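One structure is given here, and the rest of the page talks about it.
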Amino acid sequence: MAELRLYNTLTRRVEPFVPRTPGRATMYTCGPTVYDYTHIGHLRPALVSDVLARWLRRLGYSVLYISNFTDIDDRIIERAQREGVGYRDVAERYIADYLENMRVLGIDQVDRYVRATDHIPQIIRMIEALVERGFAYPLDGDVYFDVTRDPDYGKLSGRSLDQMMAGARVKVDERKRNPMDFALWKAAKPGEPAWPSPWGPGRPGWHIECSAMTLEYLGSGLDIHAGGDDLIFPHHENEIAQSECFTGEAPFARYWLHNAMVQINEEKMSKSLGNIVALRDLVRRYPAPVLRMFILSTHYRKPLNYSEEALEEARRAWERLANAREAVAAALRAAPPAGGPQGAAGAPDGAAPQPAAQGAEELARAAEEARAAFAAAMNEDLNTPLALAALFDLARAANSALVAPGARGASPEALRAALAAFDELGGVLGLWTGATAAPARDGIADRLVEILVRLRSEARAARDWSLADRIRDDLASVGVVLEDLPQGTRWKWQA
RNA sequence: GGCGACGUAGCCAAGUGGCAAGGCAGGGGUCUGCAAAACCCUUAUUCGGCGGUUCGAAUCCGCCCGUCGCCUCCA
């Protein structure tokens, strides 16, 4: 199998993934600052990392994946003061919102979520060491990192200190040694949450918590550090500077992965622009796989424009895959035991050596080709749009086999191979989480639908088309879709 | 002003030197009581524009046009 290759922001190239320790992969993905509801922009890095972790695990890596919440920050404090509640209340509220959205979306690869405020001692120790070694300096209760002490400063974002100074558009704090020095520790103003420190009561600066937590759990030289590309500068640049100066080792992280922004009306979606689409609203309107499909339909390093039309298109595209998968599963359920043990759907190795029909061989081969194409796409910098194309090709092959003349297109063996490919490949992308095209197995609503479907079948048998159509239309109005097949009527809930 | 990314059919989107994947939408056909789903055929002589390199470029180089992002909190 071809090796995994990833685009590394640090080198600006796609390069082979060679982990620090063979067979093991460590990941850290920057999570949100929790001061407002999670929006679709936050979903992209979380989902890309989720799929990356799934793929690494499928490739056989032992993965340790950490993500974080920045739960102390100026905006959290502002919000808490505005609402008259504690900063912790604000953070907890939005952490809960984030986690609930991740749960619904099947984003479940993170081994451990960590919080800045749970690592204050580590952060303080790190700052102390940086001060002792002359990389940082206290100033009126703050502590700043001296960027001129890091000769490599700017290597991630590809800019030099000179350029930054020249292009600086911010009014500089005159007290700092250099305009680009950034805060490691911020002194508390009266009434603000604070932790005791050698420099007086205060709180961590924005970047230090990620360095402290990354080093705490994954150590220096971790494999993959990911996040949105708006974090390249200053957040990740500063993480690198403070971490490498602290440990004396480089690289702090071997591969830096950055996803492009989610846009809306060709403009970045962000809280400051006030154009966010909250996930909590979106997940009520679209099944998880559709939302995953929407994100994964564009390569992670290209901007993704959000629109209702794009979401509807993703819904239809996903339905095509789900329909094909369900058709294969249904055919397998209806298939004769075929000499294999118990021959039920999903029965392992029912390898009865029977001469496969021509079409069946084609389907089995299509399943193999889908696996190969999918793997090749994923290995080439997580090319999920191309990986999806492999699934669409499989869907066409499966559908064709199922309508082949004489029904000779699909042996149980071939069907099992196709279903396994659908499940495994689609599973890497999380396309079968939550809602499926298959009717649920229980629930009073389902049973009532089944009663109506049976009544309609009787009406059809009696050639009472007006009654049959009325039942179908009425069911459609409550979200039930009917399909009359030669074998009988199939129904499902509208995705 | 500095740094960077991108510009492929009606729309979305792969493809980074050898005759332009896939999806959605559209058109024609098959199947169906009708519909849905599905299948078959069809929809870019052309890849923002202009030059250049090459036997050959969407793919490499230069310039131009356009869009977006970062440089300040941001996934």
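To find a chain, count down the sequence lines: A is the first, B the second, and so on, and within it residues start at 1. Since the structure is predicted, the reported quantities are computational estimates derived from the model, not experimental observations.
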**Request:** Tell me what A/Ala317 touches on the nucleic acid: a base, only sugar-phosphate, or nothing, going by heavy atoms under 4.0 Å.
**Result:** sugar-phosphate
**Message:** I'd like to know if A/Arg115 and A/Glu209 make a salt bridge, using a cut-off of under 4.0 Å between side-chain N and carboxylate O.
**Reply:** no
**Base-pairing assignment for B/rG33 (Watson-Crick or G-U wobble, both under 3.5 Å)** = none
**Request:** Rounded to the nearest angstrom, tell me the gap between atom OH in A/Tyr7 and atom C1' in B/rU16.
**Result:** 14 Å
**Complete:** A/Glu313 has its side chain closest, among B/rC39, B/rC12, B/rA25, to B/rC12
**nucleotides 27-37 of chain B: protein proximity per nucleotide (B base, S sugar-phosphate only, - neither; heavy atom, under 4.0 Å)** = ------BBBBS
**Request:** Using the C1' atoms only, state how far B/rC55 lies from B/rC70, rounded to an integer number of Å.
**Result:** 43 Å
**Whole-Å distance separating the CD atom of A/Glu237 from the C1' atom of B/rG4** = 13 Å
**Message:** Tell me if the centroids of the rings in A/Tyr98 and A/His42 come within less than 6.0 Å of each other.
**Reply:** no
**Prompt:** Across the strands shown, which category fits A/Gly41 at heavy-atom distances under 4.0 angstrom: base, sugar-phosphate, nothing?
**Reply:** base
**Asked** Counting side-chain heavy atoms from C-beta on, which of B/rA75, B/rC71, B/rG22 comes nearest to A/Pro234?
**Response** B/rC71
**Fill in**
Comparing A/Asp393 with A/Arg12, nearest RNA chain B nucleotide closer to 5' gives the residue A/Arg12
**Message:** Measure CD/A/Gln263 against P/B/rA13 and give the value in whole Å, please.
**Reply:** 10 Å
**Residue-phosphate contact under 4.0 Å: A/Ser157 side-chain N/O, B/rC3 OP1/OP2** = no
**Prompt:** Taking atom C1' of B/rA75 as reference, at what distance in whole Å does atom CE of A/Met102 sit?
**Reply:** 10 Å
**Message:** Over all strands shown, is A/Asp73 touching base, sugar-phosphate only, or nothing at heavy-atom distances under 4.0 angstrom?
**Reply:** nothing
**Request:** Compute both the distance and the angle, then confirm whether A/Arg159 meets the cation-pi test with A/Phe233: under 6.0 Å from the six-membered ring centre, within 45 degrees of the axis.
**Result:** yes
**Message:** Aromatic contact between A/Trp55 and A/Phe374, with the criterion being ring centroids under 6.0 Å apart: yes or no?
**Reply:** yes
**Message:** Please name the nucleotide paired to B/rC47 by Watson-Crick or G-U wobble geometry with both distances under 3.5 Å, or report none.
**Reply:** none
**Asked** Taking atom C1' in both B/rU8 and B/rU67, what distance in whole Å separates the two?
**Response** 15 Å
**Asked** Roughly how far apart, to the nearest Å, are B/rC47 and B/rG18 at atom C1'?
**Response** 16 Å
**Request:** Both distances under 3.5 Å, Watson-Crick or G-U wobble: report the partner of B/rG66, or none.
**Result:** B/rC6
**Request:** Both distances under 3.5 Å, Watson-Crick or G-U wobble: report the partner of B/rA21, or none.
**Result:** none
**Pairwise P distance, B/rG2 and B/rC60 [rounded to whole Å]** = 24 Å
**Request:** Check every atom of B/rC39, B/rA75, B/rC70 against the side chain of A/Val403 and return the nucleotide holding the closest atom.
**Result:** B/rC39
**Message:** What contact category does A/Asn383 fall into here, base, sugar-phosphate, or nothing, at under 4.0 angstrom with non-hydrogen atoms?
**Reply:** sugar-phosphate
**Fill in**
A/Met261 atom CE is separated from B/rC73 atom C1', nearest whole Å, by 13 Å
**Item:** Atom-to-atom span, CE of A/Met293 to P of B/rG23 - whole angstrom
**Value:** 10 Å
**Message:** Side-chain N or O of A/Ser400 versus OP1/OP2 of B/rC40: is the shortest distance under 4.0 Å?
**Reply:** yes
**Prompt:** Does the separation of the ring centres of A/Tyr35 and A/Tyr94 fall below 6.0 angstrom?
**Reply:** no
**Message:** If I take atom CG in residue A/Asn178 and atom C1' in nucleotide B/rC71, what distance separates them, rounded to the nearest angstrom?
**Reply:** 17 Å
**Asked** Any idea which of B/rC73, B/rC70, B/rA14 is nearest the A/Asp230 side chain?
**Response** B/rC70
**Message:** Please report the distance separating the P of B/rC73 from the corresponding atom of B/rA5, rounded so that it comes out in whole Å.
**Reply:** 23 Å
**Residue A/Lys302, side-chain atoms from C-beta onward, closest of B/rG22, B/rC6, B/rC70** = B/rC6
**Item:** Pairwise P distance for B/rC40 and B/rG23, with rounding to whole Å
**Value:** 10 Å
**Item:** Mate of B/rA57 where both pairing distances stay under 3.5 Å, Watson-Crick or G-U
**Value:** none
**Complete:** Testing B/rA21, B/rA75, B/rC70 for proximity to the side chain of A/Arg159, the answer is B/rC70
**Message:** Consider salt bridge (Lys or Arg N to Asp or Glu O under 4.0 Å). Of A/Arg82, A/Arg79, A/Arg280, which one does A/Asp36 pass it with?
**Reply:** A/Arg79
**Asked** Reckon A/Ile232 touches a base, only the sugar-phosphate, or nothing at all at heavy-atom distances under 4.0 Å?
**Response** nothing
**Request:** Identify whether any heavy atom of A/Thr29 sits under 4.0 Å from a base atom; if not, whether one sits that close to sugar-phosphate; answer base, sugar-phosphate or nothing.
**Result:** nothing
**Request:** Between A/Ala260 and A/Asn399, name the one whose nearest nucleotide on RNA chain B is closer to the 5' end.
**Result:** A/Asn399
**Message:** In whole Å, I'd like the distance from the CG atom of A/Leu311 to the C1' atom of B/rG23.
**Reply:** 15 Å
**Request:** Measure from the side-chain heavy atoms of A/Met180 and tell me the nearest of B/rU72, B/rG22, B/rA75.
**Result:** B/rU72
**Prompt:** Within the structure, does a side-chain N or O atom of A/Arg315 lie under 4.0 Å from either OP1 or OP2 of B/rC24?
**Reply:** no
**Message:** Using the C1' atom as the point on both nucleotides, what is the distance between B/rG17 and B/rG52, in whole Å?
**Reply:** 15 Å
**Request:** Test A/Asp142 against every option in A/Lys176, A/Lys186, A/Lys189, A/Arg175 by the salt bridge (Lys or Arg N to Asp or Glu O under 4.0 Å) rule and name the one that passes.
**Result:** A/Arg175
**Complete:** Per atom distances to the A/Phe392 side chain, the nearest of B/rG22, B/rC39, B/rA14 is B/rG22
**Asked** Atom CD1 in A/Ile123, atom CZ in A/Arg203: separation rounded to 0.5 Å?
**Response** 12.5 Å
**Message:** Please report the distance separating the P of B/rA25 from the corresponding atom of B/rU16, rounded so that it comes out in whole Å.
**Reply:** 28 Å
**Request:** Flag the pair A/Tyr144 / A/Phe182 as yes when their ring centroid distance falls below 6.0 Å, and as no otherwise.
**Result:** no
**Complementary nucleotide for B/rG1 - Watson-Crick or wobble, under 3.5 Å** = B/rC71
**Prompt:** In terms of ring plane angle, is the pair A/His258 and A/His236 parallel, tilted or perpendicular, where the classes change at 30° and 60°?
**Reply:** tilted
**Stepwise side-chain contact (heavy atoms from CB on, under 4.5 Å) test for A/Arg460 and A/Trp465** = CA-CA 6 Å; A/Arg460 292 183 70 221; A/Trp465 308 125; 4.0 Å; yes
**Request:** Indicate, with a heavy-atom threshold strictly under 4.0 Å, whether A/His299 touches base, sugar-phosphate, or nothing.
**Result:** sugar-phosphate
